[in-house]
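A short write-up of the structure that comes next.
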Amino acid sequence: MTDDATPLPPDELGRRLTEVYDLVGPLYRRAQRSVERGLTGGELSLGVRAVLTLLHRNGPMTVPQMGRAQAISRQFVQRMVNEAADQGLVESIPNPAHRRSSLIRPTEKGTAAIGEVLDREHRLLRETGGSLTDAEVTACLRVLGELLKALDHVDDD
């Protein structure tokens with residue numbers, strides 16, 4: 001048994017992080033299905049929801065910025081932005097930092113739609129069991145952040 005405050009040796013760390021990966025896949029797929037079932041009247045696809053969430057949390061962004069933030073291709077993000085624009089959920093505005101890459105921002109309708117989705121998810125996540133502490137959630141976020149950083153070399157396109 002190791003001391004909880006002592007960093008794991010590389011071989012043990014690799015084995016333990018494999019356990020994390022083994023949980024992340026099913027967690028992601030179940031969360032995705034849950035979101036797909038609970039979206040506002042089925043009008044938001046998962047991709048449009050991701051775009052709206054990014055804009056809600058970060059403010060106006062370019063398509064390339066959104067792609068990098070989500071580790072997905074610019075082409076996919078552009079399709080989702082186009083879908084959201086067709087539904088009146090986002091709009092393009094001039095980007096003072098780059099003439100050819102517009103900023104995307106949510107419309108009032110988009111802000112209301114993502115607010116409703118996030119409120120519903122918050123209500124569901126409040127019911128999470130396990131008596132989790134802030135320290136445990138912080139540690140989880142740190143571990144997942146390090147795993148993501150370790151894969152920075154993987155091309156998103």
Side-chain angles (χ1 to χ4, degrees), residues 13-14 16-128 132 134-157:
L13 178 63
R16 293 305 313 272
L17 292 178
T18 297
E19 294 176 48
V20 174
Y21 276 125
D22 289 346
L23 288 174
V24 168
L27 172 65
Y28 174 77
R29 287 184 290 279
R30 285 183 186 173
Q32 185 177 13
R33 286 191 296 270
S34 174
V35 168
E36 286 171 342
R37 290 180 188 142
L39 293 172
T40 54
E43 71 184 41
L44 296 181
S45 70
L46 204 56
V48 168
R49 181 234 185 260
V51 164
L52 289 174
T53 300
L54 271 176
L55 298 175
H56 174 78
R57 292 189 176 138
N58 301 304
M61 299 175 75
T62 65
V63 168
Q65 288 171 331
M66 287 187 264
R68 283 190 298 276
Q70 289 292 306
I72 53 180
S73 74
R74 286 177 282 110
Q75 293 83 358
F76 179 77
V77 173
Q78 187 63 63
R79 286 195 306 272
M80 295 304 99
V81 166
N82 292 346
E83 184 179 322
D86 289 347
Q87 295 177 32
L89 301 170
V90 298
E91 61 188 356
S92 296
I93 59 172
N95 181 356
H98 195 284
R99 225 182 297 192
R100 289 184 10 200
S101 187
S102 298
L103 289 169
I104 308 300
R105 73 174 175 198
T107 61
E108 283 186 34
K109 180 180 177 184
T111 299
I114 197 59
E116 185 180 318
V117 169
L118 294 174
D119 286 348
R120 184 172 26 259
E121 288 175 3
H122 176 77
R123 286 191 304 274
L124 288 171
L125 290 172
R126 286 181 50 180
E127 304 305 317
T128 300
L132 298 173
D134 184 58
E136 290 170 320
V137 174
T138 299
C140 177
L141 292 169
R142 181 178 172 320
V143 169
L144 293 174
E146 288 299 317
L147 287 170
L148 185 60
K149 195 180 342 175
L151 296 172
D152 275 351
H153 66 283
V154 176
D155 186 14
D156 300 329
D157 288 331

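Quantities reported herein were computed from a predicted structural model and do not represent experimental measurements.
Interatomic distance, CD of E121 versus CG of L124, reported as 7.5 Å (0.5 Å rounding). The CD atom of Q87 lies 6.0 Å from the CG atom of L44; values are rounded to the nearest 0.5 Å. A distance of 5.0 Å separates CE of M80 from CD of E83, quoted to the nearest 0.5 Å. Considering CG of D22 and CG of L17, their distance stands at 11.0 Å, rounded to 0.5 Å. Atom CG of L52 sits about 8.0 Å away from atom OG1 of T111, to the nearest 0.5 Å.
Shown here for P106 and L55, the closest heavy-atom pair between the two residues is CD-CB, 3.8 Å. The two atoms that bring R123 and E127 nearest to each other are O-CG, 3.8 Å, heavy atoms only. In this structure, R74 and V63 approach most closely via the heavy-atom pair O-CG1, 3.5 Å.
Side-chain contact check for L103 versus T62: some heavy-atom pair is nearer than 4.5 Å. Side chains of M61 and V51 form no contact here, defined as non-hydrogen atoms less than 4.5 Å apart.
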> Can you check side-chain contact (heavy atoms from CB on, under 4.5 Å) on Q70 and V77, steps first, answer last?
Replying inline: CA-CA 9 Å; Q70 289 292 306; V77 173; 5.7 Å; no

>> Run the side-chain contact (heavy atoms from CB on, under 4.5 Å) test on L144 and V24 for me, step by step, so that the C-alpha distance in whole Å, both residues' side-chain angles and the decisive distance to 0.1 Å come before the verdict.
In response: CA-CA 9 Å; L144 293 174; V24 168; 4.0 Å; yes

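Residues satisfying the side chain to side chain contact (heavy atoms under 4.5 Å, CB included) criterion with L27, sequence neighbours excluded, are absent altogether. For N58, there are no side chain to side chain donor-acceptor pair (under 3.5 Å) partners at least two apart in sequence or on another chain. Evaluation of the salt bridge (Lys or Arg N to Asp or Glu O under 4.0 Å) rule for E19 yields R16 as partners, not counting sequence neighbours. Partners of R105 by salt bridge (Lys or Arg N to Asp or Glu O under 4.0 Å), not counting sequence neighbours, listed by chain and number: E91. The side chain to side chain contact (heavy atoms under 4.5 Å, CB included) test applied to R100 returns H98, not counting sequence neighbours. Listed by chain and number, the residues in a side chain to side chain contact (heavy atoms under 4.5 Å, CB included) with T53 are R49, R57, I114, L118 (sequence neighbours excluded). By the side chain to side chain contact (heavy atoms under 4.5 Å, CB included) test, R30 pairs with R33, sequence neighbours left out.
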If you look only at distance, which donor and acceptor atoms sit under 3.5 Å apart when one is on a side chain in residues 134-143 and the other is two or more places apart or in another chain?
residue, atom, partner, partner atom, Å
E136, OE1, T133, N, 2.8
E136, OE1, T133, OG1, 3.3
T138, OG1, D134, O, 2.9

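The closest donor-acceptor contact from the side chain of T107 to the backbone of L89 lies under 3.5 Å.
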